[in-house]
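So you know, we letter chains A, B, ... as the sequences are listed, proteins then strands, and number each from 1.
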Amino acid sequence: MTETPASAPTPREVAKLLANIGVLLELNGADAFRARAFTFAGRALEGVDADLLALARADRLTTLRGIGPGIASVVKEYVLTGRSTIYEELRTATPLGLYDLLRVPGLGPKRIHTLYRELGVDGLDALEAAIDSGAVAALPGFGRKTAAKIAQGIPFARSSRQLRRYPEAMELASRLLDWAVQLEGVLAVEIVGAIRRRMEVVDRIELLASAEHPNAVLDAFQCFQDGSLEDAQGEDEALLTLSDGVFVRFRCVPPASFVAATVWETGSAAHVEALARLASERGASFTRDGLFVRGEPVPLERESDLYERLGLAYVPPELREGLGEVERAAAGPLPPLVERTDLRGTFHCHTTASDGKASLEEMAGAARERGWCYLGIADHSRSASYAGGLSLQEVEQQRRAIERLNRRFAKDERRPFRLFWGIESDILPDGSLDYPDDVLLGFDYVVASVHSSFGMSEEEMTKRMVRAVRHPATTILGHITGRLLLTRAGYSVDVEAVLRAVAEAGVIIEINANPHRLDLDWRDVRRAAELGILIAVNPDAHSVRELDNVAFGVNMARKAGLTPRQVLNTWPLDEVSGYFAKRKRKQGG
DNA sequence: GCCGTTTTCGGCCCGACTGTTTTCAGTCG
């Protein structure tokens with residue numbers, strides 16, 4: 001068996017290890033502050049660009065914030081050997097099912113540990129049985145209502161068990177791709193399936209390879225060190241389950257089939273079905289092995305050739321969801337989708353003034369490094385005490401700081417750049433915003449978001465958000481549903497009613513590009529676009545690195561079929577300034 | 001386990017909410 005190529009773990013991988021240790025410690029009932037120290041260190045490392053290997057060798061890891069002697073030794077072992085004893089020990093001692101329990105709303109590490117220690121509950125099935133038997137309600141500190149609430153959350157946890165959010169799936173897929181590419185005889189490998197379509201959540205990783213001798217490659221692929229083999233479905237594929245439960249499908253075809261198979265495996269099923277139907281209408285046949293006319297394979301150089309042979313304009317992978325894109329591609333070329341490189345700035349960012357990790361200046365510098373011409377700062381408002389929301393005095397301080405920086409930027413005529421001064425104002429339970437109107441109207445723009453009282457009825461919540469949308473100061477409506485992918489369903493709200501109010505009030509909708517949110521959902525963004533609503537791709541960045549969240553938001557904008565013009569971030573600086581100024585004039589008058 | 005102009009011990013973000021208690025623990029944002 002071949003070893004996977006070894007390289008020193010990246011800071012992000014180390015961050016992930018520390019975060020994992022933090023979770024495992026919590027699940028094992030360790031001191032909460034000790035667990036939190038690992039979690040904190042992990043989070044601190046996420047935004048760090050240090051050479052950990054060099055620091056480890058020089059015993060200087062403790063110079064990093066959040067890392068003391070204890071965690072330094074864990075990091076050192078990991079970057080030098082690629083292994084972690086404490087992690088492996090914790091992992092062995094912890095049933096994998098406990099991770100699933102973390103996804104149950106109402107269950108935190110303390111209760112999970114109690115359930116495991118007292119009742120041996122080691123997963124969702126055991127939890128369900130223990131609730132049914134009444135054992136959970138009888139535990140000290142629990143009770144009938146708690147047991148009922150936990151029971152209610154089990155289906156949600158169960159449905160999200162095998163799923164992975166896009167960034168994690170993409171990272172795993174890239175690792176597998178790197179491994180597959182170097183296998184002997186492999187000519188090409190593509191990541192296909194839902195990941196290639198940039199779905200926000202996927203239930204499997206799918207790779208497609210091409211080789212003259214597919215069987216030999218399949219045999220080699222099955223030796224991936226971290227996987228256990230499943231029974232393969234087709235002759236030309238291998239199925240693996242990785243140790244953390246992720247499902248992998250790897251298919252290998254001869255070079256002549258590769259292009260058609262790429263389309264076939266990228267899917268979606270509905271899209272492929274529509275293509276196959278179209279092919280048969282034209283006297284051809286499109287199968288998982290290729291495109292055939294009278295039994296003869298049609299040679300294809302690239303995917304666009306296949307679409308062309310079917311009389312279609314090329315359909316980018318993000319749009320292949322069977323939502324009418326084939327019909328539209330039959331009518332002519334599809335409008336160009338927005339791209340990451342079209343962005344000239346973004347709007348929803350936090351700084352150290354509230355709960356961000358980077359200062360105003362650092363965030364502005366990072367935006368300029370990315371070639372952007374503007375950056376919108378929208379720190380938390382005063383109700384968000386848990387996030388260090390800005391008092392009226394701090395609002396004023398930030399205004400002056402931004403003006404000062406803008407004066408400095410104005411001196412550099414070759415590189416126009418401007419900070420926009422915004423706020424993420426909490427939408428209070430009654431739908432009002434978080435500062436007096438004259439303060440709100442002083443900002444360049446206001447992102448209005450719900451951060452509290454999630455338990456309202458759909459009717460109340462809709463009323464609350466519609467009222468906020470109609471507030472004259474509201475410029476952008478933040479993360480509309482409040483969902484956290486695989487963690488928490490959004491609150492109950494009538495999205496259609498909110499979108500109508502948004503369209504009427506001329507408010508902008510945010511695609512919150514944090515990969516845990518991706519809210520508003522791209523399916524609803526399609527609807528927003530139909531209503532003529534302008535979209536802002538907002539990273540909700542709490543650090544310099546999180547500015548790059550915009551890439552995930554652009555993925556969603558593309559899935560929604562948005563052109564550059566429909567996305568505020570692609571507008572030039574003077575147009576955005578003009579837009580905000582015009583809105584303010586309207587609000588004032 | 002980390003941190004320190006409150007520094008080598010004793011805190012660690014904090015308030016709302018809920019359910020279980022009868023003054024508090026756990027979860028959540």
Side-chain angles (χ1 to χ4, degrees), chain A residues 17-45 61-76 84 86-87 90 101-118 131 136-153 156-157 350 352-357 380-391 424 426-429 434 449-456 478-479 481-485 487-491 512 514 516-517 519 540 542:
Chain A
L17 173 85
L18 296 179
N20 275 329
I21 292 172
V23 173
L24 285 164
L25 285 170
E26 283 190 315
L27 289 175
N28 281 279
D31 174 60
F33 291 112
R34 188 176 165 228
R36 195 182 298 171
F38 278 90
T39 309
F40 178 81
R43 228 178 288 149
L45 271 186
L61 284 166
T62 51
T63 57
L64 296 171
R65 195 168 163 71
I67 296 187
I71 293 180
S73 73
V74 174
V75 174
K76 183 174 181 181
S84 166
I86 179 176
Y87 173 71
L90 283 165
L101 298 185
L102 275 173
R103 299 186 194 236
V104 179
L107 276 190
K110 289 258 166 55
R111 285 180 177 158
I112 291 172
H113 181 66
T114 306
L115 287 166
Y116 180 51
R117 193 188 55 216
E118 299 298 324
I131 290 173
V136 172
L139 279 178
F142 287 70
R144 247 187 42 244
K145 283 197 171 171
T146 303
K149 191 183 170 210
I150 294 170
Q152 230 177 17
F156 179 82
H350 298 270
T352 44
S354 68
D355 61 348
K357 283 202 278 253
H380 287 285
S381 61
R382 58 184 177 179
S383 293
S385 54
Y386 59 88
L390 272 54
S391 67
E424 183 179 22
D426 268 26
I427 300 175
L428 302 176
D434 203 12
S449 311
V450 167
H451 284 118
S452 61
S453 303
F454 287 8
M456 290 181 154
H479 46 74
T481 75
R483 74 175 182 186
L484 290 177
L485 292 168
T487 307
R488 173 181 86 199
Y491 28 78
N512 188 297
N514 181 318
H516 289 255
R517 291 188 183 268
D519 181 12
D540 204 349
H542 288 73

Write down the distance separating the P atoms in B/dG1 and B/dT5, rounded off to the nearest Å.
23 Å

Closest heavy-atom pair, A/G478 versus A/S449, reported as atoms and distance to 0.1 Å, is CA-OG, 3.6 Å

Mind calculating the distance between CZ (A/F40) and C1' (B/dG11) to the nearest angstrom?
14 Å

Any idea which of B/dG1, B/dG26, B/dC12 is nearest the A/A37 side chain?
B/dG1

Rounded to whole angstrom, note down the C1' distance from B/dC9 over to B/dC14.
23 Å

Using the C1' atoms only, state how far B/dC13 lies from B/dG19, rounded to an integer number of Å.
23 Å

If you look at every strand shown and take non-hydrogen atoms under 4.0 Å, does A/D31 touch a base, only sugar-phosphate, or nothing?
base

Figure out the CZ/P separation between A/R43 and B/dC2, and round it to whole Å.
16 Å

May I ask whether A/F33 stacks on the base of B/dC2, given the cut-offs of 5.5 Å between ring centres and 30° between planes?
no

Short side-chain N/O contact from A/R34 to OP1 or OP2 of B/dC12, under 4.0 Å
no

Is the number of heavy atoms from other residues, nucleotides or ligands under 6.0 Å of A/R144 CZ greater than 12?
no

Using whole Å, report how far CG of A/L101 lies from P of B/dT27.
12 Å

Would A/H479 and A/D540 count as a side-chain contact (heavy atoms from CB on, under 4.5 Å) if you check the C-alpha gap in whole Å, the side-chain angles of each, and the deciding distance to 0.1 Å?
CA-CA 10 Å; A/H479 46 74; A/D540 204 349; 4.3 Å; yes

Listed nucleotide nearest any side-chain atom of A/T146, set B/dT20, B/dT27, B/dG1:
B/dT20

Can you tell me which nucleotide in B/dG1, B/dT27, B/dC3 comes closest to the side chain of A/F38?
B/dG1

Whole Å only: how far is the CG atom of A/D426 from the C1' atom of B/dA16?
13 Å

The nucleotide from B/dG19, B/dC2, B/dC13 with an atom nearest the side chain of A/K145 is B/dG19

Could you tell me how far B/dG4 sits from B/dT8 if I compare only their P atoms? Round to whole Å.
13 Å

Separation of B/dG29 atom C1' from A/N512 atom CG, nearest Å, is 14 Å

Taking side chain as C-beta onward, heavy atoms only, is A/L484 less than 4.5 Å from A/R517?
yes

Take the protein atom CZ of A/R103 and the nucleotide atom C1' of B/dC28, then report the distance between them rounded to whole Å.
18 Å

Could you tell me whether the side chain of A/T62 and the main chain of A/P69 form a donor-acceptor pair under 3.5 Å?
no

Euclidean distance, atom CZ of residue A/R36 to atom C1' of B/dG11 [Å, nearest integer]
11 Å

Roughly how far apart, to the nearest Å, are B/dC2 and B/dA16 at atom P?
32 Å

Separation of B/dC12 C1' from A/I71 CD1 (nearest whole Å):
13 Å

5'-most contact on DNA chain B: A/T114 or A/H451, nearest heavy atom basis?
A/T114

Taking the C1' atom in each of B/dT23 and B/dT18, what is the distance between them to the nearest angstrom?
15 Å

Work out how far the P atom of B/dT20 is from that of B/dG26, and round it to whole angstrom.
14 Å

In terms of relative ring orientation, are A/H380 and A/H542 parallel, tilted or perpendicular, with 30° and 60° separating the classes?
tilted

Suppose we define a pair by two distances each less than 3.5 Å, Watson-Crick or G-U wobble; what does B/dT8 pair with here?
none

Determine the Euclidean distance between corresponding P atoms of B/dC17 and B/dT22; express it in Å to zero decimal places.
24 Å

